[in-house]
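Remember, predicted model here, so these are calculated numbers, not experimental data. Lettering follows sequence order; numbering is per chain, from 1.
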Protein chains: 2
Amino acid sequence: MGKSRFLGEFEQFVLLAILRLGVQAYGTTIRQILLDVIQRDVSIGALYTTLTRLEDKGLIRSAMGEATAERGGRAKKYFEITAEGKRALQEARQSLDAMWRDVKLSFVGVKQ
Amino acid sequence: MGKSRFLGEFEQFVLLAILRLGVQAYGTTIRQILLDVIQRDVSIGALYTTLTRLEDKGLIRSAMGEATAERGGRAKKYFEITAEGKRALQEARQSLDAMWRDVKLSFVGVKQ
DNA sequence: GTAATTTATTCTACAAAGTAAAACTAATAA
DNA sequence: TTATTAGTTTTACTTTGTAGAATAAATTAC
């Protein structure tokens, strides 16, 4: 079992992107979600590096799609989050929530 | 001005710790908050490295306290967050919120 | 049937952030 | 004048973040 390290911020974003894409999460769509939702324009190579690492840690798993492409192009590699991945994501969120709790009150000078 | 990079997760935690400590944020107290609130036990050296980097990026500023210690020991270095630091923190939060939005609904199998 | 074209993944290399351990500093107390 | 105490800096290394180029495997157009 993966030595319970912490999730990096980008790793969290990627996990969340996979979750919201559901069954059709693969390189290009994940990258697009990141761009659409948080305007984060990351190179596709950078994204795959993170995907590989997340899989090595057991936080996601992947499966190659059938080679039934219509308009040319290589087969897609689909990703989904594992139970451990969900757990890691929840933990990261809980920590951040805990740190933010009460802080908002004293956080003057910046509109929320 | 600091080339608007993204905040790492630990950097966010440190900024939040400083915010909630208010006027008495310095090495030891920041470390203690991290331990109390999110059970993150980081070495003091690691913390200072991050503090230094945050200051270099203009997200916090520091000031040495008067040498009026009572029971021996060196003067404290107090930290406070800058306007830019608050902004960066807000942005990081907004991105994470945006990515989490709607995800909760499809997030079955893990108690929230 | 082979050379584009298209869609996608993998590799390589480096920068930035996370982290610990040891060294150092500057006070007070014995 | 040497401990002791409370605190900060330095050094060194691991992990994450990131881009760009290379590669792969399909389809389509001569």
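The cationic group of B/R40 does not satisfy the cation-pi geometry with B/F10, failing either the under 6.0 Å distance to the six-membered ring centre or the 45° limit from the ring axis.
Counting to the nearest Å, the P atom of C/dA8 and the CD atom of A/Q24 are 11 Å from each other. For B/L35 and C/dA20, the CG to P distance is 12 Å, given to the nearest whole Å. Rounded to whole angstrom, the span from the CG atom of B/L15 across to the P atom of C/dA17 amounts to 12 Å. Atom NZ of B/K57 and atom C1' of C/dA15 are 12 Å apart (whole Å). If you take CZ of A/F10 and C1' of D/dT15, they are 15 Å apart, rounded to a whole angstrom. A/I44 has its CD1 atom 15 Å from the C1' atom of D/dT23, to the nearest Å. Spacing between atom CZ of B/F6 and atom P of C/dG18 amounts to 14 Å, rounded to whole angstrom units. For the pair B/K77 NZ and C/dC24 P, the computed distance is 19 Å after rounding to whole Å.
Looking at heavy-atom distances under 4.0 Å, A/L47 makes no contact with the nucleic acid at all. Counting non-hydrogen atoms under 4.0 angstrom, B/D56 reaches nothing in the nucleic acid. Within 4.0 Å (heavy atoms only), A/G45 reaches at least one base atom of the nucleic acid.
Side-chain N or O atoms of B/R61 include none that pairs as donor or acceptor with a backbone N or O of B/T82 at under 3.5 Å. A donor-acceptor pair under 3.5 Å is formed between the side chain of B/R20 and the backbone N or O of A/M99.
Closest approach to the A/T49 side chain among D/dT18, D/dT23, C/dT19 is made by D/dT18 (side chain taken as heavy atoms from C-beta onward). In this structure, the nucleotide among D/dA6, C/dG18, D/dA19 sitting nearest to the side chain of B/E9 is C/dG18. Closest approach to the A/R53 side chain among C/dT25, D/dT18, C/dT10 is made by D/dT18 (side chain taken as heavy atoms from C-beta onward). Looking at the side chain of A/V42, the nearest of the listed nucleotides C/dT19, D/dT18, D/dG7 is D/dT18. For A/E11, the listed nucleotide lying nearest its side chain is D/dG17; candidates were D/dG17, C/dT19, C/dT10.
Under 4.0 angstrom from either OP1 or OP2 of C/dA8 there lies at least one side-chain N or O belonging to A/T28. Remark: B/R40 is in phosphate contact with C/dT19, judged by side-chain N or O atoms under 4.0 Å from OP1 or OP2. The shortest distance between the side-chain N/O atoms of A/K76 and the OP1/OP2 oxygens of D/dA25 is not below 4.0 Å.
Looking only at side-chain heavy atoms (C-beta outward), B/E84 and B/R87 come within less than 4.5 Å of each other.
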Derivation of the side chain to side chain contact (heavy atoms under 4.5 Å, CB included) call for B/L51 and B/I18: CA-CA 10 Å; B/L51 286 168; B/I18 291 174; 4.0 Å; yes

